[in-house]
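Step one of this worksheet: look at the structure below.
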Amino acid sequence: MSSEKSGDVRATRHIRLTSHPGQQGPSGAPAIHWGAATAAKRGPVIGTTTNRSQRNVIGTHSGSYGVYRALAVAAGNLVKGHRADLTNTSPTDLIGPNPQWGEAEKMVSIDPWGASVADVFSEHIAQGYDVRPTIAVTKAHIDLPEIRHAMVFQRLIPDNRVLLENGSAVVTKVAIEPVWWLPGVARRFNVSEADLRRNLFEETGGMYPELVTRSDLEVFLPPIGGQTLYIFGNPRDLADSNVTLTARVHDECNGSDVFGSDICTCRPYLTHAIEECIKGAQQGGVGLIAYSRKEGRALGEVTKFLVYNARKRQLGGDSADKYFLRTECVAGVQDMRFQELMPDVLHWLGIRKIHRLVSMSNDKFDAITGSGIEVGERVKIPDELVPADARVEIEAKIAAGYFTDGAVPDGDQLAATKGRTLG
Ligand SMILES: [Zn+2]
């Protein structure tokens, strides 16, 4: 690149480390008082890479997509320091403020003011601070073959409000980026903040030195996937415990959710939950799907597919009694989803009661009720929706504590529950 030869460009190419206090230039960064009841008292979360003197967090916006932004800048496709024009981007629906927003420990992984920064931090923005939304709220129509199927069999009837004649469901959808308040995250996992910071630093290959050198920065924008909400009915009803809420918290499974892979129950359970949400909203209630990007129990798809092979090739073939063992052999753990942070989004929405929880997971149930949210009925996946090859997974999970209204399989039954071979 010829521009490297120009003296003034070279001057800007010095790498300035962010890892020590005092190297930030004039201290213009607003303080963050996590859990303060109002936006003005809490202060804006500023993760801009444009003006480092404004930064008051570790990491930057967009989760893992921050790496693509870096690529775009490196490739010359994106002007370094581009500031978003937020004209007309404000939320279609107002969420909160809810009383839970003023309780620091109720929400440690979401910025409750993340959707409304253009409004609540307008003065900061006018003064030149690069405050960006970490939450976006919009409207959509979703069109799923399973919902059309439910209409054909008259399990669902269009009402032209929640469900249209053409089979589309009307939703409010919300995208949320993670914003971690490290002292609170550490307490959720019962570890010291110092240990949490050290492990985050070391296990990401030393990606964020400030984790271990800047204890004055308490907020971290981690390079991980966020979550998406699909709300059926009026979003403000979520905070009213007198309105019947049907909800599913779903962890991403791309193979099943999108491609219909039949080794697990993820898509059938998800679409069953959407059907229940539509039905509930039509009856005067409200429905919620909270979808988290935690692919393959947060182990990632490579590990997940390795486990599939190990399951199918083991002596005796794929069987329910060895389901968790095979995951543990490859990954070192059975699961890395850690539902400890999951209820945060429910508190953000103001939820105090889930009348119908469309989930059999004991981990999710325990996390939700443990965080102070009441759960009424638990709705299991109908047997006829479980793909034949997914029997191994569902039986193993039921034996391990998943909710069932039927019998819990014993050791012999688990060993006899077999999946397909490879090929
Ligand atoms: Zn799955």
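For the numbers below, each heavy atom of this structure counts, side chains included, while hydrogens, waters and symmetry mates do not. In each ligand, atom 1 is the first atom listed, and ligand 1 is the first ligand listed.
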*Give the total of protein N/O/S atoms at a distance below 2.8 Å from the Zn ion (ligand 1).*
3
*Quick one: list whatever passes salt bridge (Lys or Arg N to Asp or Glu O under 4.0 Å) with Lys139, sequence neighbours left out.*
Asp93
*Can you sort out the partners of Ser116 under side-chain hydrogen bond (donor to acceptor under 3.5 Å, both in side chains), two or more places apart, ordered by chain and number?*
none
*Compute the ring centroids of Phe220 and Tyr208, then answer whether they are less than 6.0 Å apart.*
yes
*asked:* For Lys41, is the NZ atom crowded, meaning more than 12 foreign heavy atoms sit under 6.0 Å from it?
replied: no
*asked:* Using a strict threshold of under 4.0 Å (side-chain N to carboxylate O), is an ion pair present between Asp130 and Arg132?
replied: yes
For a quick test of your reading: what N or O donor-acceptor pairs under 3.5 Å do the side chains of residues 371-385 make, sequence neighbours left out?
from, atom 1, to, atom 2, distance (Å)
Ser371, OG, His347, NE2, 2.9
Ser371, OG, Ile368, O, 2.9
Glu377, OE1, Arg356, NE, 3.1

